[in-house]
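All remarks here apply to the structure that follows.
Proteins come first, then strands; the chains are lettered A, B, ... in the order of their sequence lines, and each starts at number 1. Quick caveat, the model's predicted, so the values are computed rather than measured.
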Amino acid sequence: MSRRIRTYRDVADPASEDIVAQVSEQRERLERRLADVGATIAVASGKGGVGKSAVVANLAAALADRGLSVGAVDGDLNGPALARMLGASGPLRVDEEGAHPADGVAGVRAISMDLLLEADAPLEWRGSEEGVGVAREALETGALREFLADVVWGPLDALVLDLPPGTDALARTLGLIPDLDLLLLVTTPSSAARGVVARSVAAARRAEVGMVALVANMTEYRCPSCGASEPLYPDAAVEPLAESSGLDVWAEIPFEPALASATDAGRPWVLEAPSAPAARALAALAERVVETT
Amino acid sequence: MKFLCVDCDHVMAFAERQLPGDGTMAAVFACEACGREIAMLTNPMETNLVSGLGVEVGGRTVPEQPLELVRGTVETGAPDAFADEEPSLTPGTVAWSEEATARLSRVPSFVRGMVKRIYGEWAVERGIAEITPEVMDRARTDLGLEGM
């Protein structure tokens with residue numbers, strides 16, 4: 001007769017497990033840190049290359065320019081650019097309260113992996129030579145949790161999160177911030193981008209995110225000489241996605257090459273050229289966000 | 001996770017954790033009935049999985065530090081990414097010997113400030129006035145900081 005070895009449930013009380021207690025403490029710390037944040041706003045895209053980070057930088061700057069206290073979290077750990085776009089630089093001061101965010105334009109407080117990595121170095125985790133791919137998701141989720149919970153945000157009217165492309169990032173974020181106030185899905189009017197963002201819409205619906213809206217970026221190109229405008233994509237139209245998803249389009253931002261170059265250089269377009277059509281569209285987006293959240 | 005001493009039918013207790021600095025981890029568990037010890041050894045991937053959760057096998061030996069996972073796990077961190085302030089309880093109460101300072105200087109600067117803070121807090125809690133290499137050795141063993 002084989003012996004019976006007691007099972008985990010025989011010997012352990014899950015409620016008193018030390019690991020459970022550590023995870024609970026983490027969650028409480030995150031909740032305490034975000035208790036003074038008025039609105040949490042995530043910006044996602046589904047597909048890369050649609051100008052999402054530039055939208056985030058300009059939205060954060062536009063909100064701050066209205067006198068709001070704004071924090072910005074760069075959740076794109078492998079392609080971080082938000083701190084640079086906001087004109088924020090390190091080093092980060094660390095004290096007993098936590099790590100203090102870097103100050104960017106208009107007083108936006110930012111945290112981003114580009115403040116922490118060596119110049120031009122990719123994000124590499126220790127142990128990467130031995131199958132870190134499996135652990136990468138856990139590490140990236142942990143890093144995002146630290147960006148939210150370990151940074152001394154102070155009281156904020158709005159915390160804006162720049163999510164990396166892909167629907168998994170949204171799920172990861174919602175695991176950390178289940179009460180997300182607003183999700184903005186950025187897309188270009190191209191059929192490829194629309195198709196991918198439709199998946200994010202479905203993921204947001206499944207996760208029951210409170211409020212979701214679309215931002216159409218690079219909708220048209222305006223000739224700087226004659227002012228005539230042309231669609232940037234031959235099949236440009238965001239309406240089909242809006243109709244099929246039932247989501248409102250909160251902004252249609254025209255393509256302006258100078259927006260990208262200025263924002264990349266740490267001068268968000270809404271502050272650099274507030275009367276430009278794209279800057280006006282982004283300022284109107286900020287207005288809509290303020291009215292709604 | 002539990003380890004059961006099959007002979008004694010007794011749940012083994014966490015005894016010690018070692019991080020040799022190569023990404024691996026050893027966690028020792030002991031049977032309080034018969035004294036038998038076993039070591040759970042994890043490879044870098046498994047160690048990272050645990051790190052990603054932000055938890056420590058066997059429980060925390062020091063309070064969680066700001067951006068601890070990022071600072072302890074990112075390989076390509078900038079040396080000047082952080083400006084660490086000394087804990088308010090440390091200045092004037094804990095001094096660093098020349099040898100200990102030299103040894104600390106070999107810790108990558110991305111994580112050095114955090115490590116210094118941990119050693120300082122450990123020493124203050126024990127009423128140690130000066131951190132020497134011997135004190136660092138004791139703290140490393142006590143805290144499971146072999147990688148630091």
Side-chain angles (χ1 to χ4, degrees), chain A residues 3-8 10-12 17-23 25-26 29 77 90-100 111 113-143 145-147 149-152, chain B residues 1-4 6 9-12 14 21-25 42-60 63-90 109-111 113-114 117 121 147:
Chain A
R3 60 184 174 175
R4 179 184 179 274
I5 296 174
R6 288 196 293 162
T7 69
Y8 174 85
D10 290 333
V11 302
E17 280 289 286
D18 180 69
I19 296 287
V20 174
Q22 289 183 55
V23 171
E25 166 55 24
Q26 281 175 8
R29 198 144 64 111
L77 305 177
L92 298 185
R93 187 165 63 85
V94 180
D95 61 19
E96 288 160 323
E97 279 188 278
H100 292 258
I111 182 75
M113 199 56 92
D114 69 354
L115 294 164
L116 308 182
L117 295 178
E118 288 176 330
D120 301 326
L123 172 58
E124 288 180 5
W125 301 95
R126 191 183 294 178
S128 58
E129 71 282 1
E130 292 184 53
V132 78
V134 182
R136 193 168 193 113
E137 188 169 333
L139 290 167
E140 291 183 359
T141 303
R145 175 182 53 78
E146 289 191 341
F147 278 5
D150 290 0
V151 171
V152 186
Chain B
M1 184 194 313
K2 295 288 179 196
F3 291 94
L4 187 73
V6 175
D9 194 28
H10 199 95
V11 177
M12 301 177 96
F14 172 76
D22 60 357
T24 67
M25 177 180 68
T42 65
N43 66 29
M45 183 196 73
E46 293 159 342
T47 310
N48 276 339
L49 274 170
V50 176
S51 297
L53 294 173
V55 298
E56 291 193 359
V57 173
R60 288 205 151 270
E64 195 167 348
Q65 300 293 311
L67 302 181
E68 172 185 286
L69 165 68
V70 168
R71 300 187 75 173
T73 320
V74 168
E75 192 93 72
T76 45
D80 57 352
F82 297 101
D84 288 273
E85 291 187 2
E86 298 281 338
S88 56
L89 71 173
T90 303
S109 56
F110 187 68
V111 71
M114 186 177 87
R117 177 191 301 272
E121 289 176 354

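When all heavy atoms of B:Pro79 and A:Glu118 are compared, the closest pair comes out as CD-CG, 4.2 Å. For A:Glu124 against B:Thr76, the heavy-atom pair with the smallest separation is N-OG1, 3.2 Å. Between A:Asp95 and B:Pro66, the closest heavy-atom pair is O-CG, 4.0 Å.
Proximity to chain B (any heavy atom under 4.5 Å) is shown, for A:Leu117, by both the backbone and the side chain. B:Val70 touches chain A through backbone and side chain together, each having a heavy atom under 4.5 Å away. Interface remark: B:Glu68 contributes backbone and side-chain atoms alike to the contact with chain A (heavy atom separation under 4.5 Å). Using a 4.5 Å cut-off between heavy atoms, B:Phe110 contacts chain A through its side chain alone, with no backbone atom that close.
Ranked by heavy-atom pairs under 4.5 Å with chain A, the list B:Leu67, B:Thr47, B:Val11, B:Asp9 is led by B:Leu67. For the set B:Leu69, B:Val74, B:Asp80, the count of heavy-atom pairs under 4.5 angstrom toward chain A peaks at B:Leu69.
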Requested in this report: May I have the step-by-step check of side-chain contact (heavy atoms from CB on, under 4.5 Å) for A:Arg29 and A:Asp150, ending in yes or no?
Outcome: CA-CA 8 Å; A:Arg29 198 144 64 111; A:Asp150 290 0; 3.2 Å; yes
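Within the 4.5 Å cutoff, side-chain heavy atoms of A:Val11 are placed close to those of B:Leu4.
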